[in-house]
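These figures come from a predicted structure and were not determined experimentally. In what follows, every chain begins at residue 1, and chains take the letters A, B, ... in the order their sequences are listed.
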Amino acid sequence: MRDSIDSTRLGTNRTGMQMAPQQAKEMLDNTELDVEGADIDTNGQGIAEMRADYIREADPLGSVPPPGTMKGAVKSGIKMMKGRRPQAFIDKLGERLAYERGGTRLYDAAIVKFTTFASELPDVDVAELVQIREQEAEHALMLIECIEQLGADPTAQTPCADLVGVQTMGFLQAVADPRTDLAQTLNVLLSAELVDEAGWEILIALAESMGQSSMAARFREAEQQEQEHVFKVRGWYEAVTIEAGKLV
Amino acid sequence: MTFALFDDRGTPLERQRFTWRELAGKPISKLDDDAFTRVRVILMHGIESEAVRFQHAAARMNGELRLPLAQVRRVEHHQQTLVNWLLGADHSPLETTIGYEQVAIEITAALAQQEPDPYLAQTYRYGLLEDFDHMYRYAALLDRIEGKDANNILQSYTDVAPGRPTVVEHRSPENDLRRPFDRRTAAPITKLNAMTLVAAEHQTHDYYMHVGPLFADPVARQLYAEIASIEEQHVTQYESLLDPTQTLLEQWLLHEANETYNYYSCVQAETNPRIKALWERMLDYELGHLHLVSELFKQYERRDPVEIVGERLPEPFPFESQREFVRETLANEVDLRASGPDYVSLEEEPQSSIDYRNQLNSEGSPSEIVSEGYVWRPGTELTRKIVNL
């Protein structure tokens, strides 16, 4: 079986021009011929104009569905948001729910990588990773309760929840790839956790501005845990990365 | 009265024009448009891709028709582009896959019910239960690798549950070949239904072959490899229903009639006004193609196109949930197996198919592994409770 330093071994990487000196020279000859005297626009003005044109005409990704049950809404929340736009809050709750569910699955994929390479990483306790995974799943359940309290539908994919899928696709791809090593996996997890932590901070502020102080209190507990996730993942990432730079 | 095929000549070919801006137009909304709008987009992309595929094959076998084939095909290609670009980029490849399987289930079930030939209807019900199972396996994959609920795509129109297990769908090729309809006696609707399903399954096969390698996760890579293999079987199955003695021009004429019929059905059902206008425009383009090919048919075969496609289109097929029909078919026919062109009981399945799949499954079955213990729940299995509805 390979070990984790395999990812940084020296080898026959063919992507750089120095690997093909003769062809590289020919490439440059051709490029010089093409650009001679030409007025090159490296700002991509045409690209910017086309994009702007589409942006002006684009429809939004979609809408936030209206609350389906008023039972929960009456009981707690929505009336306290008078003068506010509860749909903006529901959209962001949907976003965090999608993020936490996706995060749980991201850790499912990461945990396998850690258990496979367990002997190489004595400083990382897989049980701690499993705990992070469980906390992400618990956060999702807590968010479902909050969405229900507002009389909204926790099964709906809100626009910001939809965008979470687009935004995190690279995380999932990078971690699920059997070729990526522990350090590469941890780098991705750190990116995911930093965004997650910031997301909770903003959700807390939004909940406060909506008059949802009890929800904000629950979100603070989640944020505390997310801070611990960032701390742990960053520590593991640094340790593994520095280890890979040592002579064996 | 249904649509008269030869009353309106549609848009003449020389006026069927596009710009890049039109081809890359505004996508539909994944969240707000009806799931059946997406079903129509995916289906019509399949119909157009079949038009291009057929016309290329025809050009390889006929020198005289190469110019009109090239002229019509260029438009078909741009129609295909315009339709396929309606899918927004916020669909992950796996979410689009859920859409493809919804097409396979709902359209196959609708056509099975309107099919007058009992053998072809049986074949559609047989294929339906396999696509139904694919939905279940992909929904498990979507839940377990992306943390997403397939029902956000399905919008509660289509059940997510096991069908004929994918692990036993793998058959030896001779057990995928069916008896073709007879071109002389089959009703036009029989010919059109078969062509629609060939088109839908062929594009599904092509789609899985393109997106399968985009996944990093080995579980996904294996599952796409497995289900793409079944789609190849389904193309073999549905294609073998087509009478091979139909002439090339007869087949081309039927293809154009089928495109017309499919767009006509879309126009009747579409709820998004912008997309409905687009289907109407495409219907007019297809009428233009149909008339052009009708003239070629008269010129080369000295026959009346009405003999082949009839004067009027059949009733449009419905775009709506076929839940009850699917459940009933599942309850009655899940244990059917194929023996040559016949449907037999579980115990009578030929050894050749069993041997074939035992070898393929000998290092594990991705469809079984991905869905082990999976039960669809609202909001993914991570919710672990029934959400208040």
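Summarising the geometry of Ser92(B) relative to Met169(A), their closest heavy-atom pair is CB-CE, 3.4 Å, with the distance given to 0.1 Å. Nearest heavy atom pair, residue Ala176(A) against residue Pro218(B), reads O-CD, 3.7 Å. Closest of all the heavy-atom pairs between Gly62(A) and Ser29(B) is CA-OG, 3.8 Å.
No side-chain donor-acceptor contact under 3.5 Å links Arg101(A) to the backbone of Lys148(B).
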*Applying side-chain contact (heavy atoms from CB on, under 4.5 Å), run through Leu382(B) and Arg105(A) and close with a yes or a no.*
CA-CA 9 Å; Leu382(B) 291 177; Arg105(A) 295 314 194 182; 4.0 Å; yes

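Summarising the local packing, CZ of Arg15(B) is surrounded by 12 or fewer heavy atoms from other residues, nucleotides or ligands at distances under 6.0 Å. Under a cut-off of 6.0 angstrom, the local environment of CZ in Arg74(B) is sparse, with at most 12 non-hydrogen atoms contributed by other residues, nucleotides or ligands. By the 6.0 Å contact criterion, NZ on Lys92(A) is open, its count of non-hydrogen atoms from other residues, nucleotides or ligands being 12 or less. Enclosure of atom CZ in Arg274(B) by more than 12 non-hydrogen atoms of other residues, nucleotides or ligands within 6.0 angstrom is indicated.
Contact of Arg221(B) with chain A is not made at all, since no heavy-atom distance falls under 4.5 Å. Contact of Ala98(A) with chain B is not made at all, since no heavy-atom distance falls under 4.5 Å. Both the backbone and the side chain of Glu57(A) come within contact range of chain B, judged by heavy atoms closer than 4.5 Å. Both the backbone and the side chain of Tyr54(A) come within less than 4.5 Å of a heavy atom of chain B. Of the two parts of Thr158(A), only the backbone, made up of N, CA, C and O, holds a non-hydrogen atom closer than 4.5 Å to a non-hydrogen atom of chain B. Both the backbone and the side chain of Ala24(B) come within contact range of chain A, each with at least one heavy atom under 4.5 Å from a heavy atom of that chain.
Highest contact tally toward chain A, considering only Asn151(B), Ile145(B), Leu214(B), is held by Ile145(B) [criterion: heavy-atom pairs under 4.5 Å]. Interface check for chain B: of the options Val166(A), Leu61(A), Thr104(A), the most heavy-atom pairs under 4.5 Å are formed by Leu61(A). With chain B as partner, the option from Ser63(A), Pro60(A), Pro65(A) having the largest number of non-hydrogen pairs under 4.5 angstrom is Ser63(A). In terms of heavy-atom pairs under 4.5 angstrom with chain A, the leader among Asn152(B), Asp149(B), Asp217(B) is Asn152(B).
At a threshold of 4.0 Å, the pair Lys26(B)-Asp59(A) counts as salt-bridged, since one of the basic side-chain nitrogens sits closer than that to a carboxylate oxygen.
The CG atom of Asp162(A) sits 4.5 Å away from atom CG of Leu31(B), with the distance rounded to the nearest 0.5 Å. Summarising the geometry, atom OG1 belonging to Thr380(B) is positioned 7.5 Å from atom CG belonging to Leu97(A); distances are rounded to the nearest 0.5 Å.
Using a 4.5 Å cut-off on side-chain heavy atoms (C-beta onward), Leu172(A) and Glu146(B) make contact.
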